[in-house]
Amino acid sequence: MENDNILNARQFLQEKFKEFPLPSQSYLIFMIPRTGSNLMATHLQDIGFGKPFEAFHFNHTVIQNEYGWEIDFNDPVAYMKQAITSQTVNGIFGMKLNWSQRGTFFQIAHALLGGYNSTLTDMEIFETFFPNPKFIYMKRLNKVRQAVSYSKGKQTGIWQVRKSQSEDYKEYVLPPVYNRAHIESCLEELLADNASWENYLRKNDIQFLEVWYEDLDRDFVGEMKKIYAYLNIEIPNVNAPSTKKQANAKTQNWVDRFVSDTPWLNDPKLRRSLNDGDFQTMYLQRTRMLIEAKERKAWNSIPAIRLKPLRWFFFRGKKKLQQLINSNK
């Protein structure tokens, strides 16, 4: 519900920056990579319910090439105006944000709001720029498969493919290669993102609709009906998705290989957390492993520790020599 803080901040924006765009209805998709956000966002775009994409992507060249933006990305006013107008359709604004993009959005928002930064909560800032917002949080249960998908996507740069799209692009894309260390890093990054979002949502008491990739993949129409109801979309039927599923036999092969090649995944406590979808605990367990390994590596590099066997050798030799001298007296 809009309060005086929000209304005053919004008035400040419209007075300082003439013709500042404000949609009538908004929704934000908080997501972790490879959770089906493209699948859902493309569908919402196809039915004319906003045009959600990653407007605060770190790679501005990607945004320029994909959406034809011709702005100075260092100008926060131009950036925010473009982000809002580009993602608003029929007065409805939609946007995707991963964890790092959330930070980029707030940097730009703070630059525009100036002195209001110290008085507004994060939720109030969201509502200042995006009136009447609703929030969707996308997550995925199978974290290893998600990490494999993330590794493949980072290598190919292909995050979604429409069914109507020509496959000529495959001629220009090098096939992804299995790299255990990279998949492990992707898994750790995804766990960190998951923990960060859940802590953030809880800390800011944000009400949201939770959407699981596995539910969307298993019953797209049924899950989208729930999303329609949450967003008050008054369309009776849900069409089949317009994007292709990218997972294939290679994906499962990588999953099996990674599990086999990664001993720490077999830790009983961590495996139980993984199977239960308790990602907060899994993140803490994995972080603990990394901290302990880092401490052990540093401990072993200390001269007093590293030279301990040599010191012990000389100590024993000196002691035996002393005993020998004493016995000959």
Side-chain angles (χ1 to χ4, degrees), residues 30-40 54 57-59 62 96-102 137-161 169-170 172-199 211-218 243-294 296-297:
F30 296 153
M31 57 86 177
I32 302 167
R34 313 316 284 160
T35 54
S37 63
N38 283 325
L39 176 66
M40 185 181 75
E54 297 171 49
H57 194 284
F58 75 93
N59 191 332
V62 170
K96 291 169 54 181
L97 285 173
N98 66 24
W99 180 251
S100 64
Q101 292 161 7
R102 178 207 63 86
Y137 174 41
M138 304 197 70
K139 54 202 299 192
R140 185 168 179 168
L141 182 61
N142 193 326
K143 277 286 175 283
V144 174
R145 198 173 182 88
Q146 183 180 2
V148 165
S149 177
Y150 196 26
S151 176
K152 290 173 68 177
K154 277 178 169 282
Q155 292 183 58
T156 64
I158 298 172
W159 302 102
Q160 68 169 334
V161 179
Y169 70 89
K170 290 184 178 180
Y172 306 96
V173 177
L174 290 175
V177 296
Y178 174 85
N179 185 296
R180 196 211 69 81
H182 187 249
I183 296 173
E184 181 179 64
S185 296
C186 287
L187 176 57
E188 291 165 351
E189 180 183 335
L190 293 170
L191 288 172
D193 285 353
N194 207 111
S196 297
W197 269 126
E198 298 200 358
N199 178 66
V211 177
W212 288 88
Y213 168 84
E214 283 78 7
D215 293 336
L216 201 62
D217 180 55
R218 182 181 62 254
T243 57
K244 296 179 182 179
K245 187 172 182 178
Q246 296 184 55
N248 51 31
K250 178 184 286 187
T251 301
Q252 188 58 49
N253 176 268
W254 283 22
V255 168
D256 295 339
R257 186 175 173 184
F258 177 73
V259 171
S260 176
D261 292 347
T262 310
W264 63 264
L265 279 175
N266 294 316
D267 177 86
K269 292 182 179 179
L270 194 145
R271 172 59 63 177
R272 185 162 55 250
S273 299
L274 182 63
N275 292 338
D276 292 345
D278 183 1
F279 305 129
Q280 288 282 83
T281 300
M282 184 179 177
Y283 172 69
L284 291 173
Q285 289 168 334
R286 178 54 182 160
T287 301
R288 186 74 190 178
M289 287 181 183
L290 294 172
I291 290 172
E292 290 175 352
K294 181 180 178 181
R296 178 57 58 175
K297 182 179 179 180

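Everything numeric in this text was worked out from a predicted model, so none of it was measured.
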| request: State, to 0.1 Å, how close Trp254 and Ile183 come at their nearest heavy-atom pair, and which atoms those are. | output: CE3-CD1, 4.1 Å

| Would you say the side-chain atoms of Thr35 pair up with the backbone N or O of Met31, donor to acceptor, closer than 3.5 Å? | no

| Ser196 side-chain N/O to Ala192 backbone N/O, donor-acceptor pair under 3.5 Å | yes

| said: Checking the side chain of Glu214 only, and the main-chain atoms of Leu141 only, is there a donor and an acceptor separated by less than 3.5 Å? | reply: yes

| remark: Between Phe30 and Trp197, the two heavy atoms sitting closest are CD2-CH2, 3.4 Å

| query | Looking only at atom types and distance, does a side-chain atom of Gln146 sit under 3.5 Å from a main-chain N or O of Leu187, one as donor and one as acceptor? | reply | no

| query | Who are the ring-ring contact (aromatic ring centres under 6.0 Å, His included) partners of Trp212, not counting sequence neighbours? | reply | none

| field | Short side-chain to backbone donor-acceptor contact, Thr262 and Phe258, under 3.5 Å | value | yes

| request: Show your working on side chain to side chain donor-acceptor pair (under 3.5 Å) between Glu188 and Tyr283 and close with a plain yes or no. | output: CA-CA 8 Å; Glu188 291 165 351; Tyr283 172 69; over 6 Å; no

| request: Sequence neighbours left out, what pairs pass salt bridge (charged side-chain N to carboxylate O under 4.0 Å, His left out) with at least one residue falling in residues 251-266? | output: Arg257-Asp261

| query | Can you check side-chain contact (heavy atoms from CB on, under 4.5 Å) on Lys250 and Tyr178, steps first, answer last? | reply | CA-CA 10 Å; Lys250 178 184 286 187; Tyr178 174 85; over 6 Å; no

| field | Salt bridge flag under 4.0 Å for residues Arg286 and Glu184 | value | yes

| said: When you measure from the side chain of Asn179 to the backbone of Ala181, do you find a donor-acceptor pair of N or O atoms at a distance under 3.5 Å? | reply: yes

| field | Lys143 charged N/C atom sitting above Phe279 aromatic ring, 6.0 Å / 45° | value | yes

| remark: On a heavy-atom basis, the closest approach of Pro176 and Gln155 is CA-OE1, 3.4 Å

| message | Could you report the tightest heavy-atom contact between Met138 and Ser37, atom names first, then the distance? | response | SD-CA, 3.5 Å

| request: Applying salt bridge (charged side-chain N to carboxylate O under 4.0 Å, His left out), name anything that partners Arg271, two or more places apart in sequence or on another chain. | output: none

| Test: Arg296 and Glu292 ion pair at under 4.0 Å | no

| task | Keeping the roles fixed (side chain from Arg140, backbone from Arg34), state whether a donor-acceptor pair exists under 3.5 Å. | result | yes

